[in-house]
Each structure stands twice: as C-alpha cells, then as structure tokens.
Amino acid sequence: MTRAAPLTRRLVRVWLVSAALAACGSNTPKIPPELLANGSGNTPDSGPGPSASSGCNSPDYPSGPFGTEEGDTLADACFRGFRKPDQVGHSESSLETIAFSDYYDPTGSKGYKLILINTAAVWCSACRSEHEGLPEKNRQYGPRGLVILSTLFQDAHRDPATLRDLDVWVDTFSSDYAMVLDPEYQLGGFARADTAPLNLVIDARTMKIEKKLLGDQASILWPFIDASLAQQ
C-alpha cells in the first residue's frame with residue numbers, strides 16, 4: 001500500500017520522476033516487475049546507510065584536499081554491499097563493508113589501474129541499460145586492470161534503495177562486479193540524482209578523478225577507459 005502524501009507533494013514527485021526518466025532516455029527496457037515490486041514499501045532491510053564519517057577510511061589513503069571534479073583527489077567513503085555478488089548469497093549476513101580505499105593501489109600490487117565508480121537507480125532507464133552491458137565490460141577490461149564499483153541509491157519510487165532492491169538488481173543484470181547500497185546518496189556531492197548515471201574514472205595509483213561523466217555517455221566513457229589502460 002502506498003504512503004499517503006499531500007496532493008502537491010504527489011504532483012512534485014510525478015514531475016521529478018518524469019523529468020529524470022526523460023533525461024535518462026526512454027529507448028531501454030521497462031523496469032522489470034520484480035524491481036518495481038521490491039521498491040514499494042521501502043522497509044529498511046539493510047539498516048541505516050553508511051556515511052563517509054563511519055570510520056572505515058584507510059590511514060594509507062591519499063591526503064586531501066579532496067574534490068569532485070576532474071583532476072581532484074577522490075575522498076574515501078565506505079558502503080555496504082557485495083564485492084562479488086555472483087559468488088555469494090544476497091542476505092544481510094553476506095553484506096561486506098566496501099570502501100574506495102580498498103581499490104587504492106599505489107604500487108600496482110593489487111593489479112588495479114583504473115576504478116570505474118558509477119551510480120544507479122531503479123527508476124533510471126539509462127542506468128539499467130548501462131548495467132545490461134557491464135558484465136561484458138568487466139570481463140573485457142578487468143584483466144587489463146579495470147575494477148568496477150557501482151552504487152544503487154534509489155528504488156523505482158525514488159526512495160532510498162534497500163537490500164531487497166540490491167538483491168533483485170544484481171540478479172536481473174547478472175552483476176559480477178562490486179555492487180553496494182548508497183541509500184544516503186553519498187555521491188550526491190558529485191551530481192544531482194536526476195542526472196544519473198554518474199560515472200567516475202579514477203586512477204587507482206593516485207585516487208585522482210581522470211574523467212567525470214553525467215548521464216548516458218557510453219560512447220565517451222569506454223573509449224576513454226580503453227585509451228587510458230593502453231597508456232599504463
């Protein structure tokens with residue numbers, strides 16, 4: 001049963017969702033019924049979302065100043081999710097704490113060269129289209145040093161994403177890369193929610209932002225990643 005809301009609030013929500021979907025494009029598959037159904041109710045299955053100040057920052061992580069634009073150093077942040085969602089059950093007990101600092105690789109000992117951090121929301125058609133192809137991209141570029149970390153921040157109704165949403169999302173798209181929950185939208189400092197997906201390409205050696213893209217820009221993103229990996 002949907003939550004009651006004043007008429008003006010409902011109208012604003014309808015306008016926001018319509019505008020966001022238009023920005024993301026409409027020539028992609030509709031939201032799977034499972035994802036739409038899991039969004040309703042929005043019970044806090046996974047508990048409070050993590051915050052950047054929750055104490056998971058690595059002492060070896062690069063020091064600031066930090067920023068949100070190309071050339072800036074990415075501030076560390078941590079989330080709860082699945083590092084390898086295709087290899088674990090999607091239950092509360094399987095959730096891991098995953099931080100940007102986990103992929104910091106100044107000496108190359110971890111085998112990481114670039115980190116692709118992106119945002120996803122169930123209501124965003126471009127996000128769904130992007131994730132349909134991410135497993136293939138992961139298999140293509142993972143051996144070359146790319147690691148993908150995707151954050152799910154809202155459900156089909158623009159409410160904070162829950163563990164149920166994450167479970168259905170990774171099953172729907174056969175995600176084999178790190179997927180985490182971001183119900184507080186920690187990455188909101190980089191871009192507004194209605195511009196999703198946000199894609200950040202990070203140099204794993206320095207944690208500097210090499211590329212920042214808003215919306216569906218696959219034609220720019222993947223040639224950039226390909227060229228950057230070829231230079232390293």
Side-chain angles (χ1 to χ4, degrees), residues 1-52 77-82 85 89-92 94-95 98 117-134 149-175 177-200 213-217:
M1 181 170 62
T2 56
R3 292 174 291 183
L7 178 59
T8 54
R9 182 179 174 184
R10 291 182 180 178
L11 290 173
V12 169
R13 171 167 288 187
V14 169
W15 180 86
L16 285 172
V17 172
S18 298
L21 285 171
C24 283
S26 58
N27 60 342
T28 53
K30 294 181 179 180
I31 300 175
E34 295 83 0
L35 282 171
L36 186 60
N38 274 278
S40 60
N42 193 36
T43 56
D45 299 23
S46 58
S51 66
C78 62
F79 309 85
R80 295 283 283 169
F82 307 118
H90 305 151
S91 63
E92 181 77 28
S94 298
L95 287 171
I98 300 174
I117 299 170
N118 81 2
T119 63
V122 176
W123 54 260
C124 173
S125 61
C127 302
R128 300 193 304 275
S129 178
E130 180 174 60
H131 278 254
E132 286 181 344
L134 274 187
L149 171 61
S150 184
T151 68
L152 186 67
F153 68 96
Q154 286 180 344
D155 66 11
H157 308 285
R158 298 181 68 90
D159 290 320
T162 69
L163 176 57
R164 288 186 301 172
D165 298 310
L166 187 62
D167 173 30
V168 177
W169 184 275
V170 298
D171 282 343
T172 299
F173 299 108
S174 301
S175 308
Y177 43 86
M179 278 290 315
V180 300
L181 285 167
D182 186 10
E184 295 179 344
Y185 195 34
Q186 295 187 58
L187 297 181
F190 293 86
R192 301 190 316 273
D194 60 8
T195 63
L198 162 73
N199 279 284
L200 300 172
L213 296 170
L214 307 182
D216 183 6
Q217 299 199 55

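For the single chain, residues carry numbers from 1 onward in sequence order. Scope of the values below: all heavy atoms of this structure, side chains included, with no hydrogens, waters or symmetry mates.
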Let me confirm one number: the OG1-CG distance from Thr172 to Asp165, rounded to the nearest 0.5 Å. 10.5 Å

Once rounded to the nearest 0.5 Å, what's the spacing between atom CZ of Phe190 and atom CG of Asn199? 12.5 Å

With heavy-atom distances below 4.5 Å as the criterion, would you say the side chains of Phe173 and Arg128 are in contact? yes

Would you check if His90 and Leu166 make a side-chain contact, meaning some heavy-atom pair closer than 4.5 Å? no

Non-hydrogen side-chain atoms of Tyr177 and Leu134 separated by less than 4.5 Å: yes

Restricting to non-hydrogen atoms, name the atom on Ser91 and the atom on Leu163 that form the minimum distance, rounded to 0.1 Å. C-CD2, 4.0 Å

Can you see which heavy atom on Thr119 is nearest to which on Phe153, and at what distance? CB-CE2, 3.9 Å

Distance in Å, Arg80 CZ paired with Ile98 CD1, rounded so as to fall on 0.5 Å steps: 9.0 Å

Atom CG in Leu187, atom CG in Asp182: separation rounded to 0.5 Å? 5.0 Å

Keeping Asp171 on the side-chain end and Val168 on the backbone end, is there a donor-acceptor pair under 3.5 Å? no

Which atoms form the tightest heavy-atom contact between Ala161 and Pro183, and what is the distance? O-CB, 3.6 Å

Between Glu130 and Asn118, which heavy-atom pair has the shortest distance, and what is it? OE1-ND2, 3.0 Å

Val180 vs Leu149 side-chain heavy atoms within contact, under 4.5 Å: yes

d(Asp194 CG, Trp123 CH2) to nearest 0.5 Å is 6.5 Å

Residue pair Gln217 / Leu213: nearest heavy atoms and the distance that separates them: OE1-CD2, 3.7 Å

Quick check: closest heavy atoms across Asp155 and Val122, and the distance to 0.1 Å? C-CB, 3.5 Å

Contact between His131 and Trp169 at the side-chain level, heavy atoms closer than 4.5 Å - yes or no? yes

Could you give the distance from OG1 (Thr195) to CG (Asp216), rounded to the nearest 0.5 Å? 12.5 Å

